[in-house]
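In what follows, a single structure is set out as structure tokens and then discussed.
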Amino acid sequence: MKTRSQTAPKPLKTVALAPRPSSSKGGSKPAGKGDPLAPKKPPTAFFFYMEDFRKTYKQENPSVKSMQEVGKACGEKWNKMAFEEKVKYYDIATQKRAEFDKAMIEYKKKKESIEMSEESDYD
DNA sequence: ACAGTGATTGTTTAA
DNA sequence: TTAAACAATCACTGT
């Protein structure tokens, strides 16, 4: 009924379209243009599960050093996890998103304000 | 010594 | 609607 954030599995993905040079390496950019005060994305349900999974994994696999293996193992199990189990983590992520959502609204308002000012203010 | 890389999936945002 | 980018973790590696 509702198409709200429907992360529908669409294997149809083209390539590269909007590369956003946020700030990976190089950096010198006049502050105020990018999103220096933009609320960062909260960890997703997958990450919450990983926190728990990570500990368990290390206990059973103290030999594993890199996080890469844990990530794979976590992802693989995540796909096998029952929805009921996942819902538990989704619930947490949902709450975080709620807070993030509010922060984003205010950020947007402020951002618009900044853009407006910038438009006619240069020195 | 510092900072980036590596993999995982989910959520985000801009046009 | 689409798709690219980024969110955390943590040992290792390059300069």
Side-chain angles (χ1 to χ4, degrees):
Chain A
M1 315 283 226
K2 297 183 226 218
T3 28
R4 185 92 87 47
S5 309
Q6 175 174 346
T7 28
K10 276 190 169 170
L12 221 163
K13 224 189 245 202
T14 46
V15 264
L17 197 67
R20 276 183 40 180
S22 188
S23 58
S24 278
K25 296 175 176 186
S28 319
K29 81 171 351 193
K33 197 62 177 290
D35 305 340
L37 69 155
K40 293 192 195 173
K41 305 170 214 182
T44 63
F46 178 71
F47 275 39
F48 284 107
Y49 172 65
M50 197 200 281
E51 286 183 57
D52 204 31
F53 181 84
R54 186 171 52 74
K55 296 172 188 173
T56 304
Y57 191 90
K58 274 194 77 107
Q59 288 177 4
E60 299 189 21
N61 304 284
S63 306
V64 176
K65 300 168 186 169
S66 327
M67 189 66 217
Q68 300 149 342
E69 292 192 34
V70 183
K72 284 185 191 172
C74 189
E76 189 176 350
K77 186 164 184 176
W78 179 257
N79 288 318
K80 291 180 177 179
M81 270 181 88
F83 182 72
E84 294 178 7
E85 298 291 320
K86 293 206 273 190
V87 137
K88 166 170 127 197
Y89 297 97
Y90 268 88
D91 182 52
I92 300 168
T94 298
Q95 293 178 49
K96 298 296 179 188
R97 280 188 289 128
E99 294 179 60
F100 173 79
D101 182 43
K102 290 193 296 188
M104 177 54 75
I105 292 167
E106 294 191 43
Y107 159 71
K108 286 272 208 143
K109 290 203 280 189
K110 187 163 190 173
K111 185 175 178 184
E112 286 180 30
S113 194
I114 292 170
E115 288 185 349
M116 290 266 290
S117 294
E118 245 186 279
E119 198 171 343
S120 312
D121 185 51
Y122 312 8
D123 184 31

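Since this is a predicted model, take the numbers as computed values, not measurements. The analysis underlying the following values was restricted to heavy atoms, covering all of them including side chains, and did not include hydrogens, waters or symmetry mates. Proteins get letters first, then strands, A, B, ... in listed order; numbering begins at 1 in each.
Look at A/Y90 and you'll find a side-chain N or O under 4.0 angstrom from OP1 or OP2 of B/dG10.
Comparing A/T94 and A/G75 by the nucleotide of DNA chain B that holds the closest heavy atom to each, the one mapping nearer the 5' end is A/G75. Looking at which nucleotide of DNA chain B each of A/A45 and A/P39 is closest to, the 5′-most match is held by A/A45.
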Identify the pairs formed between an N or O of the protein and an N or O of nucleotides 7-9 of chain C at a distance under 3.5 Å, and give each distance.
residue : atom : partner : partner atom : Å
C/dT9   : O3'  : A/R54   : NE           : 3.4

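Rounded to a whole Å, the CH2 atom of A/W78 is 11 Å from the P atom of B/dT9. Summarising the geometry, the separation between NZ on A/K96 and P on C/dC6 is reported as 23 Å, rounded to the nearest angstrom. If you measure from atom NZ of A/K58 to atom P of C/dA11, you get 5 Å, rounded to the nearest angstrom. Per the geometry, NZ belonging to A/K77 stands 18 Å off C1' belonging to B/dA7, to the nearest Å. The separation between A/D91 atom CG and B/dG10 atom P is 16 Å, rounded to whole Å. Look at CD on A/E69: it is 15 Å from C1' on B/dT5, rounded to the nearest Å. In this structure, CD of A/E76 is placed 10 Å from P of B/dT8, rounded to the nearest angstrom. Residue A/D101 contributes atom CG, which lies 20 Å from atom P of B/dG10 at whole-angstrom precision.
Partners of A/D101 under the side chain to side chain donor-acceptor pair (under 3.5 Å) rule, at least two apart in sequence or in another chain, do not exist in this structure. In this structure A/E99 satisfies the side chain to side chain donor-acceptor pair (under 3.5 Å) test with no other residue, sequence neighbours excluded. Evaluation of the side chain to side chain donor-acceptor pair (under 3.5 Å) rule for A/T94 yields A/R97 as partners, not counting sequence neighbours.
Contact annotation for A/K86: no contact, since no heavy-atom pair falls under 4.0 Å across all strands.
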With a 3.5 Å cut-off and sequence neighbours excluded, list the donor-acceptor pairs that the side chains of residues 37-52 of chain A form with protein atoms.
none

Expected list for residues 74-89 of chain A: side-chain donor-acceptor pairs under 3.5 angstrom, two or more places apart:
residue : atom : partner : partner atom : Å
A/N79   : ND2  : A/G75   : O            : 3.1

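In this structure, the separation between CD1 on A/I105 and NZ on A/K108 is 10.0 Å, given to the nearest 0.5 Å.
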